[in-house]
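Working notes for the structure below.
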2 protein chains.
Amino acid sequence: MVKITDVARHAGVSPSTVSYALSGKRPISEETRQRIEASIRELGYRPHAGARALASSRSNVLALVIPLRAGIHVPVVMQFAVSVVTAARRHDHDVLLLTQEEGEEGLRRVADTALVDALIVMDVQLHDPRLPLLRSLDRPSVMIGFPQEPAGLTCIDLDFMAAGELCVERLAGLGHRVVALVGSPPEVYVRETAFAQRVVQGFTAAADRNGLTSSIHPCEAAPAAARRVAEQLLREQPALTGVVVHNEAILEPLIDAFEQLGLRVPGDLSITAICPDELAESLRVPVTSIALPSTELGARAVELLMKKLGGAAVPEATLLPPRLTERASTAPRDTP
Amino acid sequence: MVKITDVARHAGVSPSTVSYALSGKRPISEETRQRIEASIRELGYRPHAGARALASSRSNVLALVIPLRAGIHVPVVMQFAVSVVTAARRHDHDVLLLTQEEGEEGLRRVADTALVDALIVMDVQLHDPRLPLLRSLDRPSVMIGFPQEPAGLTCIDLDFMAAGELCVERLAGLGHRVVALVGSPPEVYVRETAFAQRVVQGFTAAADRNGLTSSIHPCEAAPAAARRVAEQLLREQPALTGVVVHNEAILEPLIDAFEQLGLRVPGDLSITAICPDELAESLRVPVTSIALPSTELGARAVELLMKKLGGAAVPEATLLPPRLTERASTAPRDTP
DNA sequence: TTGAAAGCGCTAACAT
DNA sequence: ATGTTAGCGCTTTCAA
């Protein structure tokens, strides 16, 4: 193995000069830098990550905790993870993958052993048991999602309340007077995942503000459940003309169910969704939707961590504004 | 930060004794071990990962390279990744996530800097540019998938050829005489991903062996493409009664298309698929399928790496035998 | 069964 | 602008 002393000898400088040339933490004359870089290339030198971490107390590794529970949409998690890795690499960091399953002990372990410098935690719940731990760790962290009590933590997410509102406002603007929200599976609400409830809040607030008749319908992530919800809606809300869907898994089956029940989209029923753009675009009837910006979230989360690692202050809360893309599933209400 | 010398002092032993108590690399008297463990708990000691890596030249981290290209089924990748992390943790290892995008340079970097002890590479192609690199690295690796020239490498995968055969054998056993394979998107074949071609080989061989009429149909991962393939099949192969599907994304749309074209499954058409069990189970017509054993693959890949890290020899090739689960999409041919 | 001590390869004061 | 050197915290010979 070629080490920094080898490079130093080869370039005729001291080890520290090589180190500083690599880190840029102090000025090096153009000439020596050239020589050092040539030696590095020639010898194929690679700094030893462990030695670096030990000497600098920086591992240049971030921990990413991914969820694997029911009711989460896998492609979104994946896209987020890829985005985190990509963004981390831009800052010369790597990403260690942890599963939710490892729990608090896993977080504590990688933080306390100095295996990672900072942590990103996905799928945060309103009363997440990891909150006190994250507050107590000596390493910075960013949470994707908002807990009830975010004080002292850094959180980022799509503004789901605004997203719920925006969906309704759009439907209201098109003249719809009776709307329904088809939401996440019941267990998502039961475990008090903040984002699901925030959509409900926004949806309800905007519906009330616009004087709309509204109702909420959690829905399992199965086509049969979508079908049941569709039937129930037609039965209980015959005047329904606007639906907001916040459940990736049943978006397609739900539209199918409506159409099989004789409702045309968007002729009889306008639909807006909160889901990844790729999903909204790919459906038979492309759906007007608010994007789940997983790529942006991942990148922004890493930026926040880098700032914190650099000693800079960052806002406790970052809410990404919803952006609605008009597609084929919405139309003005057919006023008789 | 509490370090090993603190623990040693607190327990009244030398640092090396603490180290050995932790690693188990030499016998420690029950009594001292107790004392050391008590001290560790009391002080909340956690060995510094970097220091450990430096002194032992073992980071206890594995690299996992995940693909992110078109034509791969995201949930399978995710399930595999989770399984790798879980298995790695059982062996006291962590997992560093790399994207395919980082390419060979990424692999070389994490290996040469000693950030990782070993590597797992997914989505291997027949002539994968990473092969020479992996052979040259001084760290063990396992590839998921089989390249053309696997000599000197360790590979593991589902036996896709046997899977293709098994699907056909099953259909033949049910009396079907004209069968078709609806395969992966064309780009998957173009980039010569081994597994897709192996299914074709197995399918064709078994069809020929059984004297069946057979045809191959790559298919894009879009419902419209599935529809087109269905129409084409009915047009060109009116006697078709058996279909093998090796394309997760269009399994459902393809069945829908067949049924919309007037063919009942399994009444008029029997279908077998190679796909994750969860997908096969969840369809409106549960599909007889050969499981894509991502969880087992992940675990087995880690086991192989651990053996190699332990200095043991492992087989160059590991093929997991296909297991077919009978569901509702297959029936004996309706012989008139 | 245990201890002493020499590194592992790098960074960052402290020098000059 | 560069060199010297003392650690970073652990593992592992070598010795007893």
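Letters A, B, ... mirror the listed sequences (proteins, then strands); counts begin at 1. Predicted model, so just to flag it, every value in this text is computed and none were measured. Because only heavy atoms are used, hydrogens play no part in the values below, and waters and symmetry mates are left out as well, while side chains stay in.
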- Query: Just by modelled atom types, is the B:P15 backbone N or O under 3.5 Å from a matching donor or acceptor in the B:S19 side chain?
  - Reply: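 No: the side chain of B:S19 does not pair with the backbone of B:P15.
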- Measure from the side-chain N and O atoms of B:H48 to the backbone N and O of B:G50, and report whether any donor-acceptor pair falls under 3.5 Å.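 Looks like yes, one N/O pair under 3.5 Å.
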[X] has a side chain; which of [options] sits nearest to it?
X	options	value
B:Y20	C:dC10, D:dG9, D:dT12	D:dT12
B:A55	C:dA12, C:dC10, D:dG9	D:dG9
B:I4	D:dT12, C:dG9, D:dC10	D:dC10
B:T32	D:dT11, C:dT2, C:dC8	C:dT2
B:P47	C:dT11, D:dC10, D:dC8	D:dC10
B:S19	C:dA4, C:dA12, D:dT11	D:dT11
B:T17	D:dG7, C:dT2, D:dT12	C:dT2

Starting from [atom2] on [N], measure out to [atom1] on [X] and report it in whole angstrom.
X	N	atom1	atom2	answer
A:H48	C:dT11	NE2	C1'	15 Å
B:R9	D:dC10	CZ	C1'	15 Å
B:R35	C:dT1	CZ	P	14 Å
A:I40	C:dC10	CD1	P	10 Å
A:R52	D:dG9	CZ	P	18 Å
B:Q34	C:dT2	CD	P	12 Å
A:I36	C:dC10	CD1	P	14 Å
A:L54	C:dT11	CG	P	11 Å

Should [X] be listed as having a side-chain N or O under 4.0 Å from OP1 or OP2 of [N]?
X	N	result
A:S57	D:dC8	no
A:K3	C:dC10	no
B:K25	D:dT11	no

Does the side chain of [X] come under 3.5 Å of the side chain of [Y] through a donor N or O and an acceptor N or O?
X	Y	answer
A:E303	A:H91	yes
B:S14	B:T17	yes
A:E316	A:T154	no
A:S83	A:T86	no

- Any N or O donor-acceptor pair linking the side chain of B:S16 to the base of C:dA4 at under 3.5 Å?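 Yes.
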- Do A:R26 and D:dT2 share a donor-acceptor pair, side chain to base, under 3.5 Å?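 Yes.
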- Query: Relative to the 5' end of DNA chain C, which residue comes earlier, B:P27 or A:S56, by the nucleotide with the nearest heavy atom?
  - Reply: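 Result of the comparison: B:P27.
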